A.B. asks: 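Sharing a structure with you now.
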Amino acid sequence: MIQVVWFKRDLRTVDHAPLSAAAAAGPVLPLYVAEPDYWQLPDVSRRQWQATRDALSELGARLEVLGAPLIVRRGEVVEVLQRIHAAVGIAQLWAHEETGNLWTFQRDRAVRAFCRRQGIPFTEHTQTGVIRGAGTKARDRWAARFSRFAVAPLIPEPTRLIPVPAARTAPLPTAEDLGLTDDGCKQPQSGTRADALALLDSFLAGRGADYRRGMSSPLGGAASCSRLSVPLATGAVSVREVMQHLGTAREVLADRPPAHRPVPVTAVDSLMSRLHWRGHFMQKLESEPDLEVQAFHPVHEAGRVVTDPDDSRLAAWAEGRTGLPFVDACMRSLTATGWLNFRMRAMVQSVASYHLALDWRLSGARLARLFTDYEPGIHWPQVQMQSGQTGINTPRIYNPVKQGLDQDPDGRFTRQWVPELRHLPLAVLQTPWLADGGPPPGYPAPLVEPTEAARQAKARLTELRHTAGYRDAAVAVFQKHGSRKRRIDDDGGRRPKVPRRGAADGTDQLALPLGPPSDER
């Protein structure tokens with residue numbers, strides 16, 4: 001009888017409670033199952049598998065050193081476990097809880113059912129600080145519980161693993177093996193622990209010096225943001241290890257005169273705050289898995305206008321052909337690199353939902369597979385928030401022209417990714433339809449006139465917000481998902497006790513006060 005450790009989005013050996021517990025119980029079979037059905041879902045992609053595969057290669061090498069090779073199988077998890085149990089007998093199955101998409105949620109339920117039928121104990125450990133099975137009560141004192149989780153001692157890597165005799169592994173599947181075709185990202189960011197530690201070191205050594213200001217810019221953010229999202233998504237490093245690494249570094253920085261700090265203490269504080277908010281958003285999907293397909297607020301769900309998957313506007317938006325230069329530049333950059341800074345992620349989703357009136361489920365899935373760092377627990381609540389579906393957040397209708405002027409003032413980013421506009425003067429770079437003769441050959445006219453499209457979006461929102469029962473439903477949403485640091489406003493929203501509009505580090509994007517819909521972002 002053996003201990004099976006099932007790796008999912010936790011591809012590491014340090015701070016890995018299931019691996020540590022299994023190692024103390026007997027011979028260990030570390031298992032990863034590459035699931036072809038998962039990798040054909042509309043929200044996953046080749047770039048994500050490539051990052052995952054890098055992390056798996058690193059994990060496999062480390063497990064070899066510890067004494068038990070990573071056993072790789074391709075197929076359906078329950079069937080793989082059935083074969084292992086029939087061959088050698090599973091004494092216990094160990095894993096981390098996963099806040100994944102609806103498919104993995106159902107997959108995990110099937111695994112639990114299999115274990116119950118077979119009498120196999122199945123122990124799942126938390127790894128992100130989210131609380132499972134608590135419903136609305138999960139939000140009560142959530143921040144304090146997350147803080148206790150973040151400072152708890154790291155679980156050390158096992159010194160030795162007892163292998164399962166004669167266990168044989170298969171090669172890691174290639175993208176082609178899983179039916180993943182070229183998605184336009186030639187060199188996606190890797191998702192390994194080594195990369196995570198190098199990113200942390202470079203951020204603290206000076207790369208993050210301009211973090212609070214640079215994170216708003218798609219150009220500046222690419223260099224000054226932490227870029228830890230990919231190894232955090234693969235689980236090659238735990239959020240707890242990152243938080244503690246940053247906490248230690250903050251103490252060192254605080255003891256130095258400001259002139260001798262490679263990064264300001266405020267930059268470290270801002271990054272730690274965003275890691276806290278990462279858990280906050282993951283808790284939303286953990287508490288309500290249907291948020292991938294159903295709006296937070298029932299009035300918004302009832303008022304949904306379904307988009308045809310073949311809608312030409314959806315394709316134009318996803319491929320950077322909207323005729324709105326800064327939006328197109330962001331989408332083309334994201335397609336090529338697999339990464340985009342947070343503010344621009346919010347903007348492109350806002351434009352899809354408000355200006356183009358696309359169903360957030362379809363645009364959200366298209367964005368998900370473009371993100372190498374796709375984390376369902378963050379992604380779907382954010383998609384809904386930036387699409388105005390929650391009923392408890394300020395509807396922010398980003399002005400794509402203003403964003404281009406503000407975040408790309410010299411036009412460098414836009415010209416890089418939309419070369420059709422390279423020779424336009426700066427005065428009309430973000431509004432090429434106003435140039436003499438209109439847009440240059442090869443570049444489309446805008447799908448919508450942005451000011452008029454924003455006006456229409458505001459009118460749609462206003463109508464929904466005047467629906468009978470809107471506020472009562474918003475209160476229910478808040479009770480289940482809202483931060484306990486905030487209170488319900490009279491119009492059904494929530495507002496910080498201390499307003500933080502325009503916070504320099506961009507955290508106003510994560511804790512939005514309620515107000516009238518704005519297109520001046």
Side-chain angles (χ1 to χ4, degrees), residues 99 126 128-150 239 272-303 342 346 349-350 353 360 364 375-396 461 464-465 467 469-503 505-518:
T99 304
T126 184
T128 59
V130 302
I131 302 164
R132 176 163 288 183
T136 299
K137 293 182 179 179
R139 279 298 167 197
D140 298 336
R141 298 180 297 279
W142 185 89
R145 282 182 284 189
F146 180 85
S147 295
R148 289 195 295 272
F149 165 82
V239 68
M272 293 179 73
S273 175
R274 294 181 85 82
L275 291 170
H276 169 97
W277 282 106
R278 177 182 187 271
H280 167 80
F281 277 94
M282 292 180 74
Q283 183 66 58
K284 295 175 188 287
L285 193 63
E286 180 66 38
S287 298
E288 193 169 351
D290 285 345
L291 292 180
E292 180 183 334
V293 295
Q294 180 172 297
F296 276 94
H297 197 291
V299 169
H300 289 276
E301 181 61 30
F342 177 80
Q349 182 61 60
S350 170
S353 297
W360 58 267
E375 183 72 71
I378 303 169
H379 180 73
W380 290 110
Q382 277 291 329
V383 164
Q384 289 213 41
M385 194 172 88
Q386 305 304 343
S387 300
Q389 303 297 309
T390 70
I392 63 172
N393 299 106
T394 301
R396 296 291 173 91
L461 277 174
L464 286 174
R465 290 166 68 84
T467 302
Y470 190 94
R471 185 185 186 281
D472 289 343
V475 170
V477 173
F478 177 84
Q479 289 302 320
K480 189 167 188 177
H481 297 291
S483 168
R484 295 302 185 250
K485 295 180 180 179
R486 291 163 182 81
R487 60 179 175 81
I488 296 292
D489 283 341
D490 291 339
D491 52 359
R494 60 189 176 94
R495 181 172 59 203
K497 295 177 181 177
V498 180
R500 299 192 62 196
R501 288 185 183 272
D505 65 354
T507 52
D508 64 314
Q509 301 282 337
L510 296 176
L512 299 176
L514 187 73
S518 171

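Here the structure is a predicted model, which is why all the values come from computation and not from measurement. Just so you know, these numbers use all the heavy atoms, side chains as well, and skip hydrogens, waters and symmetry mates.
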A.B. asks: Identify the two heavy atoms, one from Trp360 and one from Ser353, that lie closest to each other, and give their separation to 0.1 Å.
C.D. replies: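 Heavy-atom minimum between the residues: CB-OG, 4.1 Å.
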A.B. asks: Report yes or no: is the cationic atom of Arg139 (NZ for Lys, CZ for Arg) under 6.0 Å from the centre of the six-membered ring of Phe478, at an angle within 45° of the ring normal?
C.D. replies: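 No; the conditions do not both hold, so Arg139 does not lie above the ring face of Phe478.
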A.B. asks: Can you measure from CD1 (Ile378) to NZ (Lys284) and round to the nearest 0.5 angstrom?
C.D. replies: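 Between Ile378 CD1 and Lys284 NZ, I get 12.5 Å after rounding to 0.5 Å.
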A.B. asks: Grab the two heavy atoms, one from His481 and one from Ser287, that are nearest each other, plus how far apart they are.
C.D. replies: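 Looking at all heavy atoms of both residues, the closest pair is CE1-CB, 4.2 Å.
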A.B. asks: Compare every heavy atom of His276 with every heavy atom of Ala143, then report the nearest pair and how far apart it is.
C.D. replies: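 Scanning both residues completely, I find the closest heavy atoms to be CB-CE1, 3.8 Å.
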A.B. asks: Checking side-chain polar atoms at under 3.5 Å, does Thr99 have a donor or acceptor matched by the opposite partner on Glu286?
C.D. replies: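 Yes - a donor-acceptor pair under 3.5 Å links their side chains.
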A.B. asks: Check the orientation of His297 and His300. Use parallel for under 30°, tilted for 30 to 60°, and perpendicular for over 60°.
C.D. replies: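 Because their plane-to-plane angle is over 60°, the rings of His297 and His300 count as perpendicular.
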A.B. asks: So how far is it from Arg141 CZ to Ile131 CD1, rounded to the nearest 0.5 Å?
C.D. replies: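 Reported to 0.5 Å precision, the distance equals 9.5 Å.
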A.B. asks: What are the two closest heavy atoms between Gln389 and Phe296, and how far apart are they?
C.D. replies: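 Nearest pair, atom of Gln389 first, then Phe296: O-CB, 3.7 Å.
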A.B. asks: With side chains defined as the heavy atoms from C-beta onward, is the minimum distance between Arg465 and Pro395 less than 4.5 Å?
C.D. replies: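 Yes, their side chains come closer than 4.5 Å.
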A.B. asks: Does the pair Gln349 and Ser387 meet the rule for a side chain to side chain donor-acceptor pair (under 3.5 Å), with working shown?
C.D. replies: CA-CA 7 Å; Gln349 182 61 60; Ser387 300; 3.2 Å; yes
A.B. asks: Can you name the nearest heavy-atom pair linking Leu464 to Tyr470, along with the distance?
C.D. replies: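 That would be O-CD1, 3.2 Å.
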A.B. asks: Can you give me the closest heavy-atom contact between Gln384 and Leu291, atom names plus distance?
C.D. replies: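 Scanning both residues completely, I find the closest heavy atoms to be NE2-O, 2.8 Å.
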A.B. asks: Can you find a pair of side-chain heavy atoms, one from His280 and one from Ser483, that are under 4.5 Å apart?
C.D. replies: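 A side-chain contact exists here, since the closest heavy-atom pair is under 4.5 Å.
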A.B. asks: For side-chain contact (heavy atoms from CB on, under 4.5 Å), just list the numbers for Met385 and Phe281, CA-CA rounded to whole Å, side-chain angles, deciding distance to a tenth of an Å, and then say yes or no.
C.D. replies: CA-CA 10 Å; Met385 194 172 88; Phe281 277 94; 3.9 Å; yes
A.B. asks: Can you tell me how far the CG atom of Leu285 sits from the CD atom of Glu375, to the nearest 0.5 Å?
C.D. replies: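 The CG atom of Leu285 sits 9.5 Å away from the CD atom of Glu375.
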A.B. asks: As an exercise, state the distance from CH2 of Trp277 to CD of Gln283, rounded to the nearest 0.5 Å.
C.D. replies: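 So the CH2 of Trp277 and the CD of Gln283 are separated by 13.0 Å.
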A.B. asks: Parallel, tilted or perpendicular for Phe146 and Phe149, by the 30°/60° rule?
C.D. replies: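 Plane angle between 30° and 60°, so tilted.
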